[in-house]
Structures are given as C-alpha cells and as structure tokens.
Amino acid sequence: MTAEGHLDQELALHYALDLKDVAIAVVGVYTEAELLQNIEWARRYKPLSAALEQAAITAGRRLSETWAAHFGPVK
C-alpha cells in the first residue's frame, strides 16, 4: 500500500470489477466501518482508464514481490 492508503484498496476493488466476466468481488471486512467503506467504493465504481489500469497492475506486481515468499511467485 502506498501513502495514499485507501486509494490503493479502492483501486484494487475497481480493477477486480473491471476484469472481463467478473460480476462481483467478495471483500472480507473486520468491522462495520470497513463494510460501509467498501460499499461506498463499489458505488463509486466506473471502468478504469488505461492509466489507472496500468497503475493497478504496477501496484499488484510490487505487492507480489512482497507476498511471493508466502503465496508463491507470480508468473
């Protein structure tokens, strides 16, 4: 996550919703506040511009480097 924090999480949700044949994203939450935040992000969803899509992919690749030791490498 970058300094933007929630912007990364919202972008990740919007990226998932932008994927072909994806109609819903199941997002785990710990609190009611997180649930309400996720609902707001879903309501704000609009298809990503090419620049935002690339930003999401770049952020995902950075995260995969951090998580590879736990989940395995990304191909």
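Contacts classified as salt bridge (charged side-chain N to carboxylate O under 4.0 Å, His left out) and involving residues 24-40 (residues at least two apart or in different chains) are given here: Glu40-Arg44.
Atom CG of Leu19 has more than 12 heavy atoms from other residues, nucleotides or ligands within 6.0 Å.
Leu11 and Ile24 fall into different hydrophobic clusters, where Ile, Leu, Val, Met, Phe, Trp and Tyr side chains are chained together by heavy-atom contacts under 4.5 Å.
By the side-chain contact (heavy atoms from CB on, under 4.5 Å) test, Thr58 is found to be paired with Gln54, Arg62, residues two or more places apart in sequence or in another chain being considered.
In plain terms, the two heavy atoms of Leu13 and Ala25 that are nearest each other are CD1-CB, 3.7 Å.
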Pairs of donor and acceptor atoms involving the side chains of residues 45-53, under 3.5 Å and at least two apart or interchain, shall be tabulated with distances.
residue, atom, partner, partner atom, Å
Tyr45, OH, Asp18, OD1, 2.4
Ser49, OG, Leu52, N, 3.1

